[in-house]
Asker: 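Can you read through this structure? Questions will come right after.
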Amino acid sequence: MLIVHSIHNIHINIDLKPCSSKPEWASYTLGVFVCHSCSGLHRNIAQISKVKSVLLDPWSLSEVEFMDSVGNNAAKAKYEQIVPAFYYCPTYKDCMLLREQWIRAKYERKEFLSVERQEPYSAGYREGFLWKRGRDNGQYLSRKFILSEREGVLKYFNKHDAREPKAIMKISTVNATFQPTKIGTAHGLQITYLKDNSTRNIFVYHEDGKEMVDWFNAIRAARFHYLQVAFPGASNSDLLPKLTRNYIKEGYMEKTGPKHTEGFKKRWFTMDDRRLMYFKDPLDAYARGEVFIGSKENSYTVLPGLPPNIQGYHWQFGITIVTPDRQFLFTCETEEDQKDWMAAFQTVTNRPMLPQEYAGKCII
């Protein structure tokens, strides 16, 4: 029996955060509607979730009635009873790994039904081995990592039996963001921290997707508890955006030097909050330079194009960033790139500066 119209009426008004705007698929064993992309992830747990198209597949009356009796809100109440505040709940814009592991955590492992199942990322201590990219040779080698909330650090060791860590990263400055495209593996995670007031990048992955997401959420948990102590009066809504952050924008532009007389060079740029950093290679450990971008109230302005009489550039679509100290000149390969970078810069300059942000330095 084909009952497409009835099933369509059930799902028409739902709001589905992890999925795209048109959830035209449904898990008829879980009673939830999902988008096309997430339907593929549900098929990976076929022993738990069986999916059909809302519009194209036949639906029996009993299946329609089951969907009507459950639905996304009821499923959320059932499977998300105890989601830790720090746990990252992905949206359709996030990488496939985060979305897949969110689905598996909810429906397959049922991690949010008891706190005991959340121990891998909520215990305050985590130890294990990750594949880390070498700073100089680019080779990935197995390294021991330890995350300790009590010590307030994330550290790794060059040798499995080493007593002293190769690097100690303070939780207060650590950030983690998934970078599958840049790193070249679906499980690739970029970890940054401040070392001598400069941003240091390390790139890691693990073959097991759950392991990698557990590390990511363990870092978020450590950051959350650190910030709760550092800002005792702050609400969760104030703290959660500070746990980890994705970059506002990344990509190639050309740049010139402070005197604007040397030739423009192609570099990889990363906009991390108010820090614009450039690298010779996207996987460099350290930036070749950084520029702090403040707000328009503090005389920071972003302009399309370049000043007259500038030479030495190949890409035609220029951007000028005006700061209180100097002008920074960039060029983009396409007009679309120029518009995207302009929008990213203006997002930052339109945002009022916080008191702790006034220490930024222009060292590009």
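For reference, positions follow the sequence shown, starting with 1.
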Asker: If Ile, Leu, Val, Met, Phe, Trp and Tyr residues are connected whenever their side-chain heavy atoms lie under 4.5 Å apart, and connections chain through other members, are Tyr278 and Val348 in the same group?
Answerer: yes
Asker: With side-chain hydrogen bond (donor to acceptor under 3.5 Å, both in side chains) as the test, pick out the partner of Lys106 among Glu80, Gln101, Glu111.
Answerer: Glu80
Asker: With Met277 as reference, evaluate Arg267, Glu290, Met271 under the side-chain contact (heavy atoms from CB on, under 4.5 Å) test and give the passing residue.
Answerer: Glu290
Asker: Within 45° of the ring axis of Phe328 and under 6.0 Å from its six-membered ring centre, is that where the NZ or CZ of Arg326 lies?
Answerer: yes
Asker: So, using side-chain contact (heavy atoms from CB on, under 4.5 Å) as the criterion, who are the partners of Glu149 when residues are at least two apart?
Answerer: Ala221, Ala222, His225
Asker: Which residues, ordered by chain and number, are linked to Tyr125 in its hydrophobic cluster, where ILVMFWY side chains connect at heavy-atom gaps below 4.5 Å, directly or through other members?
Answerer: Ile146, Phe157
Asker: Is Lys242 salt-bridged to Asp273, going by a charged N under 4.0 Å from an acidic O?
Answerer: no
Asker: How does the hydrophobic cluster around Phe203 look, that is, which other residues are in it when side-chain heavy atoms under 4.5 Å mark a link?
Answerer: Trp131, Tyr140, Ile183, Tyr205, Leu283
Asker: Clusters formed by hydrophobic residues whose side-chain heavy atoms approach within less than 4.5 Å: which one holds Val153, and what are its other members?
Answerer: Ile168
Asker: Any salt bridge (Lys or Arg N to Asp or Glu O under 4.0 Å) involving residues 113-130? Give me the pairs, sequence neighbours left out, ordered by first then second residue.
Answerer: Arg126-Glu211, Glu127-Lys144
Asker: Among all residues two or more places apart in sequence or in another chain, which pass the ring pair (Phe, Tyr, Trp, His ring centres under 6.0 Å) test with Tyr252?
Answerer: Trp268
Asker: Checking Tyr79 against Tyr107 for the ring pair (Phe, Tyr, Trp, His ring centres under 6.0 Å) test, could you report, in this order, the C-alpha distance in whole Å, the side-chain angles of both residues, the deciding distance, and whether it holds?
Answerer: CA-CA 7 Å; Tyr79 291 102; Tyr107 301 120; 4.9 Å; yes
Asker: What residues, two or more places apart in sequence or in another chain, satisfy side-chain contact (heavy atoms from CB on, under 4.5 Å) together with Ser172?
Answerer: Lys170, Tyr226
Asker: Checking Phe66 now: which residues fulfil ring pair (Phe, Tyr, Trp, His ring centres under 6.0 Å) with it, not counting sequence neighbours?
Answerer: none
Asker: Between Thr173 (side chain) and Leu194 (backbone), is there a donor-acceptor pair under 3.5 Å?
Answerer: yes
Asker: I'd like to check the ring pair (Phe, Tyr, Trp, His ring centres under 6.0 Å) partners of Phe86; sequence neighbours left out, ordered by chain and number.
Answerer: none
Asker: Taking only residues two or more places apart in sequence or in another chain, which ones pass side-chain contact (heavy atoms from CB on, under 4.5 Å) with Ala285?
Answerer: Arg135, Arg200
Asker: Nearest 0.5 Å, what's the CD1-OG1 distance between Ile321 and Thr323?
Answerer: 9.0 Å
Asker: Scan Ile191, Thr192, Leu154, Leu130 and name whichever one has a side-chain contact (heavy atoms from CB on, under 4.5 Å) with Ile202.
Answerer: Ile191
Asker: Among all residues two or more places apart in sequence or in another chain, which pass the salt bridge (charged side-chain N to carboxylate O under 4.0 Å, His left out) test with Glu151?
Answerer: Lys155
Asker: Identify, with sequence neighbours excluded, every residue that meets salt bridge (charged side-chain N to carboxylate O under 4.0 Å, His left out) alongside Arg43.
Answerer: none
